[in-house]
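One structure below.
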Number of protein chains: 2
Amino acid sequence: MARAATTADAFNAVAEPRRRQILDALATGERSVNDLVAALDLPQPQVSKHLRVLREVGLVLVREEGRRRLYRLDGRPLKAIHDWVGRYERSWSQRFDRLDAVLADLKDEEAEPDGGTDDDE
Amino acid sequence: MARAATTADAFNAVAEPRRRQILDALATGERSVNDLVAALDLPQPQVSKHLRVLREVGLVLVREEGRRRLYRLDGRPLKAIHDWVGRYERSWSQRFDRLDAVLADLKDEEAEPDGGTDDDE
DNA sequence: CCATCATATGCCCGTATCGGCATATGTAGC
DNA sequence: GCTACATATGCCGATACGGGCATATGATGG
């Protein structure tokens, strides 16, 4: 089977650093391919290929203007990532550490009703 | 070169759905490998391999208890993802749509000072 | 119509993936 | 020590990636 296609979903598409760079560059607004080539200092074919992936997962939209193509960000597919990752916020935010400790203690008590080390608070 | 290693960073590690499932299962608390095997209905070697990847990027911690290994979530590496994705929140949140439209209009005016279609808003 | 600019595709390579299966390592208990 | 359990590792095949480079497609202007 191998790894899931990069076009499988936003998670895979965005795992590639260059693709994130492209999105970052597009955050300011519409840009042509050549614009991006200059901004990211990458060979043009690569940029086009990365844009293809981003387009297939719906992260960018294209608009044709004369002979150039203007790419535009569409971050909606990122919401899924944000939502999923957001569920773990407690696990890095100091703000939730105390709560987690309490929950862990409660779980321990469930498992061992006789209570073990009753480390304070 | 090929795709970046799955162990390159949290972005790549988490792009794999099964690994997300594992993290989800660990969100409740520590679990042994066999626990996860049962919960996810996956062959044990696969679970072990996925756990290896998650460990290498620091998303899980292990604790040895007798002959079993208890894995525990450590979501800190997810913060980078959350931070990056968070910068795009405006692009999916309705809350920011109006602001974006205004910004886009401003940009258009910059580009075409003679004004084009002045579709009201 | 022909040359030029802008972008997309195609092909080759080396690499690392994930899945499946067998097996190695390691611990527990008799 | 040997057997059973728990987990990790190794090897295989298939796949598709990302980079490099050449080239096709497409639109513009003379």
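Protein chains get the first letters and strands the later ones, always in sequence-line order, with residue 1 at the start of each. Treat the numbers as computed from the prediction; the structure is a model and nothing was measured. Note: hydrogens, waters and symmetry copies are ignored here, and every other heavy atom, side chains too, is used.
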**Request:** On the 0 to 90° scale, with breaks at 30° and 60°, tag the H82(A)-H82(B) ring pair as parallel, tilted or perpendicular.
**Result:** parallel

**Request:** Please examine the side chains of R3(B) and T6(A), heavy atoms only from C-beta on, and report whether any two atoms are closer than 4.5 Å.
**Result:** yes

**Request:** Compare the minimum distances between each of dT9(D), dC18(C), dA6(C) and the side chain of R52(B), then state the nucleotide with the smallest one.
**Result:** dT9(D)

**Message:** We want to know whether Y88(B) and D74(A) form a side-chain donor-acceptor pair, criterion being a heavy-atom distance below 3.5 angstrom.
**Reply:** no

**Euclidean distance, atom CZ of residue R18(A) to atom C1' of dG20(D) [Å, nearest integer]** = 13 Å

**Fill in**
Testing dT15(C), dT7(D), dA4(D) for proximity to the side chain of R67(B), the answer is dA4(D)

**Asked** T6(B) or D35(A): which one's nearest nucleotide on DNA chain C is closer to the 5' end?
**Response** D35(A)

**Request:** Quickly work out the R3(A) CZ to dT15(C) C1' distance and round it to whole Å.
**Result:** 10 Å

**Fill in**
From the candidates dT7(D), dG20(C), dT28(D), the one with an atom nearest any side-chain atom of P43(B) is dG20(C)

**Prompt:** Could you give the CZ-to-P distance, from R55(B) to dT7(D), as a whole number of Å?
**Reply:** 13 Å

**Prompt:** Roughly, in whole Å, what's the span from NZ in K49(B) to C1' in dG19(C)?
**Reply:** 7 Å

**Message:** Can you work out whether P45(B) or A2(A) has the more 5'-proximal nearest nucleotide on DNA chain D?
**Reply:** P45(B)

**Message:** Using a 4.0 Å heavy-atom cut-off, does Q46(A) contact any base of the nucleic acid, only the sugar-phosphate backbone, or nothing at all?
**Reply:** sugar-phosphate

**Message:** I need the CD-P distance between E64(A) and dT7(C), as an integer number of Å.
**Reply:** 11 Å

**Nearest to side-chain heavy atoms of A5(A), which nucleotide of dC17(D), dT7(C), dG18(D)** = dC17(D)

**Item:** Distance test, side-chain N/O of R69(A) to OP1/OP2 of dA27(D), below 4.0 Å
**Value:** no

**Message:** Could you tell me if the side chain of F11(A) sits less than 4.5 Å from the side chain of I81(B), heavy atoms only?
**Reply:** no

**Request:** Look at all strands and tell whether S48(A) reaches a base, only sugar-phosphate, or nothing, counting heavy atoms closer than 4.0 Å.
**Result:** base

**Request:** May I have the distance from L36(B) (atom CG) to dA6(D) (atom C1'), rounded to whole angstrom?
**Result:** 13 Å

**Message:** Please check this pair: side chain of R20(A) against backbone of V14(A), looking for a donor-acceptor N/O pair closer than 3.5 Å.
**Reply:** yes

**Item:** Q44(A) (side chain) and dA6(C) (base): donor-acceptor pair under 3.5 Å
**Value:** no

**Asked** 5'-most contact on DNA chain D: N34(B) or H50(A), nearest heavy atom basis?
**Response** N34(B)

